[in-house]
Student: 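Dumping the structure here so I can ask a few things about it.
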Number of protein chains: 2
Amino acid sequence: MASTQVPATTPGRRGRPGYDQQAVLTIAVDVFNRHGYEATSMGVLAENLGISKSAIYHHVPSKGDLLRLALEHALGGLEAVLADPRATSGRADARLEFVLRGTIAVLTERLPFVTLLLRLRGNTEVERGALERRRSFDRQVAALVDAARSEGSLRSDIDPRTTTRLLFGTINSIVEWYKPGGQLTAGKLADDVITMVFDGLHHRP
Amino acid sequence: MASTQVPATTPGRRGRPGYDQQAVLTIAVDVFNRHGYEATSMGVLAENLGISKSAIYHHVPSKGDLLRLALEHALGGLEAVLADPRATSGRADARLEFVLRGTIAVLTERLPFVTLLLRLRGNTEVERGALERRRSFDRQVAALVDAARSEGSLRSDIDPRTTTRLLFGTINSIVEWYKPGGQLTAGKLADDVITMVFDGLHHRP
């Protein structure tokens, strides 16, 4: 799995003591998720950070840049899963399982960032670009589902498009309830999801 | 399954020719889902209906009443599933399957109404009341999951709370992509969901 470090726009630390760019980004994403990106002004962000509006500009040039950095953190993580050799070679079944586990890992490690991505409406160019990358990710997973079905690993009585929708529905809904640091670890959650979607909840004696 | 008729506040038809209360409600729910309930004023509703603000008041006393009627349509449908004898007697496993199928049926038949329910934030008394009824529904399904696990129908290596979360996550996410009237019927979708969550996607020779 790729690092959870937020990529910096400029090397090294920037801005005022007490906050680095990553801390500003983390708080901004939380505010975006609570109030919506559009409804959040730089003034509201400054209030939540407890700094002046002009102090935010020490860290990032604009609200759009905060969004771009945040979405890059979510999408970069997801795309790194697909680029992993375990996603590109071997049986489609094993590749699909690797990609689903990797997606759950990125989702749980970068929860607020992926939440922001999943709630995007696509009203700005930054949002539309991110949604296009998300669709590309989804298409590649759909192709894996097709391949796993063709090799006979997945049941053929469910349409592959429905299969893909249900898989994403199950996984993406994790952002609505999962609490990192709780009793349920990200690893056990991934095991549980993989068990349910591939083997089912019914007890087999 | 209960009727899909929206309950009227007063018997018979009310208001101006061209719209009855149900038509006003259907359009209002669509506008709430697109713009958010809070962001939607009676003026915006009137614009979308192509009638004057005062004409809306012929149909319903307030925006809150529209919300209450819409949520009643969603919650009433869900609660009717739990009240059905097939949900209250017999093996827990069969009762759980019946409730999940019934939930999917209500969700697909009353899609915009359930979408509105699932996106509620709980800022008004009407919303908080609806969220409390939704939580009560969720608790009753969680109790069914517990019962099905205790009778040995469900696997014991997944925590029942996780099981319930994943079941609701899978089913509720249907509102994000399902298009009524398309190739995938609501009945086949319910079959597919039940197959995946109970038996899994893996092909068993």
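Since this is a predicted model, take the numbers as computed values, not measurements. Below, chain A is the first sequence line, B the second, and so on; all start at residue 1.
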Student: Side chain, backbone, both or neither: which part of A:Asp93 has an atom under 4.5 Å from a heavy atom of chain B?
Tutor: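 Just the side chain, heavy atoms under 4.5 Å.
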Student: With only heavy atoms counted, which part of A:Leu154 is less than 4.5 Å from chain B, the side chain, the backbone, both or neither?
Tutor: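 Both parts, heavy atoms under 4.5 Å.
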Student: Distance check, rounded to the nearest 0.5 Å: B:Asp192 atom CG versus A:Thr163 atom OG1?
Tutor: 7.0 Å
Student: If you compare all heavy atoms of B:Gly169 against all heavy atoms of A:Ser173, which two are closest, and at what distance to 0.1 Å?
Tutor: CA-OG, 3.1 Å
Student: What's the separation between atom CG in A:Asp157 and atom OG1 in B:Thr195, rounded to the nearest 0.5 Å?
Tutor: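 Nearest 0.5 Å value for the CG-OG1 distance: 6.0 Å.
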Student: If you take all heavy atoms of A:His202 and B:Asp199, which pair is closest and at what distance?
Tutor: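 Residues A:His202 and B:Asp199, closest heavy atoms: ND1-OD1, 3.5 Å.
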Student: To the nearest 0.5 Å, what is the distance between CD on A:Glu151 and NE2 on B:His203?
Tutor: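 These two atoms lie 11.5 Å from each other.
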Student: Looking at B:Lys188, I'd like to know if its NZ atom is crowded, meaning that more than 12 non-hydrogen atoms belonging to other residues, nucleotides or ligands lie closer than 6.0 Å.
Tutor: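 Atom NZ in B:Lys188 is crowded, with more than 12 foreign heavy atoms closer than 6.0 Å.
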Student: For B:Arg119, is it the side chain, the backbone, both, or neither that has a heavy atom closer than 4.5 Å to a heavy atom of chain A?
Tutor: neither
Student: Could you state the interatomic distance from CZ (A:Arg165) to CG (B:Leu189), rounded to the nearest 0.5 Å?
Tutor: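 Between A:Arg165 CZ and B:Leu189 CG, I get 11.5 Å after rounding to 0.5 Å.
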Student: Should B:Leu167 and A:Leu201 be marked as a side-chain contact (heavy atoms from CB on, under 4.5 Å) after you check the CA-CA gap, both sets of side-chain angles, and the distance that decides it?
Tutor: CA-CA 10 Å; B:Leu167 287 173; A:Leu201 294 170; 3.7 Å; yes
Student: Any donor and acceptor pair, going by atom type alone, linking the side chain of A:Arg155 with main-chain N or O of B:Met196 inside 3.5 Å?
Tutor: no
Student: Check this for me: A:Arg161, atom CZ, are more than 12 non-hydrogen atoms of other residues, nucleotides or ligands nearer than 6.0 Å?
Tutor: no
Student: Quick one: closest heavy-atom pair of A:Arg204 and B:Phe198, and the distance?
Tutor: NH2-O, 3.9 Å
Student: Using a 6.0 Å cut-off, check whether atom CZ of B:Arg121 has over 12 heavy atoms from anything other than its own residue.
Tutor: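 It does not: B:Arg121 CZ has 12 such atoms or fewer within range.
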Student: Hey, could you give me the CG/CG distance between A:Asp159 and B:Leu184, rounded to the nearest 0.5 Å?
Tutor: 7.5 Å
Student: Against chain B, label A:Arg149 side chain, backbone, both or neither, depending on which of its atoms sit under 4.5 Å from a heavy atom there.
Tutor: neither
